[in-house]
Amino acid sequence: MHTYDPNLTDLVFAYMRDRLQLDPVPLDHPGDKDKLDRALAGLIGQEGNDPAEVLRLYAEQLAPTVISCDSPRFLSFIPAAPTKAALLFDMVVSCASIQGISWLEASGAIAAENQVLRLIADLAGLPAQAGGCFVSGGSAGNLSALVVARDTARRKRGLGDFDRVRIAVSDQAHSSIGNTLRIIGVEPLVVATADHRLTGPALREALLADPDPANVIGVVATAGTTNAGIVDDLAGVAEVASEYGLWFHVDGAYGGAGLFAPSVRHKYAGIEHADSFVVDPHKWLFAPFDCAALVYRDPHLAKAVHTQDASYLDVLHTGDKYEWNPTDYAYHLTRRARGLPLWFSLAVHGVKAYTDAVETALTLARDTAEVIRATPHLELIRDPELSAVVFRRTGWTADDYTAWSDRLLAGQVGFVTPTGWEGETVARFAFLHPHTTMDMVHEILDTMK
Ligand SMILES: *Cc1c(COP(=O)(O)O)cnc(C)c1O
């Protein structure tokens, strides 16, 4: 099974060619558990199967039960729209078994990944020493960054490993932030928001009202909430963070891509003060899963926290001044060089193509908001800041939204799931795919009459 097999290779490459050419990619439908179990029954035993049969089973039974998040009609959650160049290079990363653990083993891959991290750091206005690594997603990035925030503060303040520390978060922070704090044993100081946006004054007020603000060691701001695309008052939060000596983490998993878009760049003012910053290229920077960029202002602080100490790893730390071990900047050890597909695609297409693609989704959101505003039975809930549009169909109940969403998927018109807004069920579009058209939007909105 380690010998090159031209037939197996042709089979898989032919499948990949077909998948890459699908236009449009069908949305597809959720699967039926019994049917899937029947299709898979007995497949893996002591002896293998004909690869053509296994691939057929995959293509006919399994693939159609995976909703295509790269369809331009996928407007739920956060969609995906990886470039062809990035998808293809992901195969190179796989076929060449490229890992990106240490400089000793993978310097070329790491140099290329770091070139992309540098571009992102430059767009954010972070200083020359900034750096980090690619991790599997925003959740892993937030966790890795907040561990550094916690341990750095404990060390600077002369606290023990189990002394109580807290991190300020807004009531709008992503669920992964709450998870992270539970995992790392840090309590949140939850800051209430007016209009869903964390501001410097609200953070200051919460600290002033708190009986024990001294144990608050960090703050998380969101650069693009997942539900409505709201960018926190990064400059105001940065100012208070500096005043109180707080670690300033910016979660831009979804919205960080807006740094590429001149029409919204001003909303990110203050991000240049971040101690750590996360953006998911597998969301709005058109990379395949799974890929998040994690950048620290002072990477040596992360290295002091995340470097794994094991005698068999000592050789990785050679003392070479150019050495950069991505494994030292997050809680992982072994890692795929998952930044390379983005690197390849950026190098092939140039940054301007990314700027244009991000702006396309922003324009779609603005144009959709206009249509909603002009439609009597629809109500725009707030002006879109980024590419998420939240709106209601007057008179509809939660069940109406669910039934509508099911109908849209059944008819393959769109995958548009409802969301919650201030306790109410409402409709939401998350734009991202540059091939989503206003015709598709009209087609979907017309089903809400
Ligand atoms: C998506 C998202 C996350 C989580 O990222 P994953 O890549 O899904 O782990 C965190 N924060 C925000 C704001 C997000 O939109």
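Numbering of ligands and ligand atoms starts at 1, following listing order. Every value quoted in this text rests on a predicted model; they were computed, and no experiment measured them.
Of all protein heavy atoms, the one lying nearest to atom 6 (P) of ligand 1 is G138 N, 3.3 Å. From the protein, the heavy atom lying nearest to atom 15 (O) of ligand 1 is T226 OG1, 2.7 Å. Atom 4 (C) of ligand 1 has as its closest protein heavy atom H174 CE1, 3.4 Å. Looking at atom 2 (C) of ligand 1, its nearest protein heavy atom turns out to be K283 NZ, 2.4 Å.
The H282 neighbourhood of ligand 1 comprises atoms 7 (O), with distances under 4.0 Å to a heavy atom of that residue. For ligand 1 and D280, the ligand atoms under 4.0 Å from any heavy atom of the residue are 5 (O), 6 (P), 7 (O). With ligand atoms numbered from 1 in the order given, ligand 1 contributes 15 (O) to contacts under 4.0 Å with heavy atoms of Y254. Counting the atoms of ligand 1 from 1 in the order shown, those under 4.0 Å from a heavy atom of D251 are 10 (C), 11 (N), 12 (C), 13 (C). For ligand 1 and G137, the ligand atoms under 4.0 Å from any heavy atom of the residue are 7 (O), 9 (O).
For A253, no nitrogen or oxygen atom sits less than 3.5 Å from a nitrogen or oxygen atom of ligand 1, counting backbone and side chain alike. At least one N or O atom of S139 sits closer than 3.5 Å to an N or O atom of ligand 1. Geometrically, ligand 1 and S136 share no nitrogen or oxygen pair separated by less than 3.5 Å.
Ring geometry for F89 versus F344: interplanar angle under 30°, hence parallel rather than tilted (30 to 60°).
Between D70 and R19 there is a salt bridge, since a side-chain N of the basic residue sits under 4.0 Å from a carboxylate O of the acidic one. Taking a cutoff of 4.0 Å between a charged side-chain nitrogen and a carboxylate oxygen, D163 and R154 do not qualify as a salt bridge. In summary, E359 and K352 do not engage in a salt bridge, as defined by a charged side-chain N under 4.0 Å from a carboxylate O. The pair K35-D32 fails the salt-bridge criterion, with no side-chain N (NZ, NE, NH1 or NH2) lying under 4.0 Å from an Asp/Glu carboxylate O. Between D90 and R336 there is a salt bridge, since at least one side-chain N of the basic residue sits less than 4.0 Å from a carboxylate O of the acidic one. R366 has no carboxylate O lying under 4.0 Å from a charged side-chain N of D383, or vice versa, which leaves the two without a salt bridge. Ion pairing between a basic and an acidic side chain is recognised when a charged N comes within 4.0 Å of a carboxylate O; E187 and R166 show no such pairing. At a threshold of 4.0 Å, the pair R118-D122 counts as salt-bridged, since one of the basic side-chain nitrogens sits closer than that to a carboxylate oxygen.
Residue contacts with ligand 1 leave out A292, since none of its heavy atoms falls under 4.0 Å from the ligand. Residue contacts with ligand 1: N142 is included, with a non-hydrogen atom under 4.0 Å away.
Only the side chain of S176 comes within 4.0 Å of ligand 1, judged by heavy-atom distances. Neither the backbone nor the side chain of I78 has a heavy atom within less than 4.0 Å of ligand 1.
Residues D298 and H300 have side chains that never bring a donor and an acceptor to within less than 3.5 angstrom of each other.
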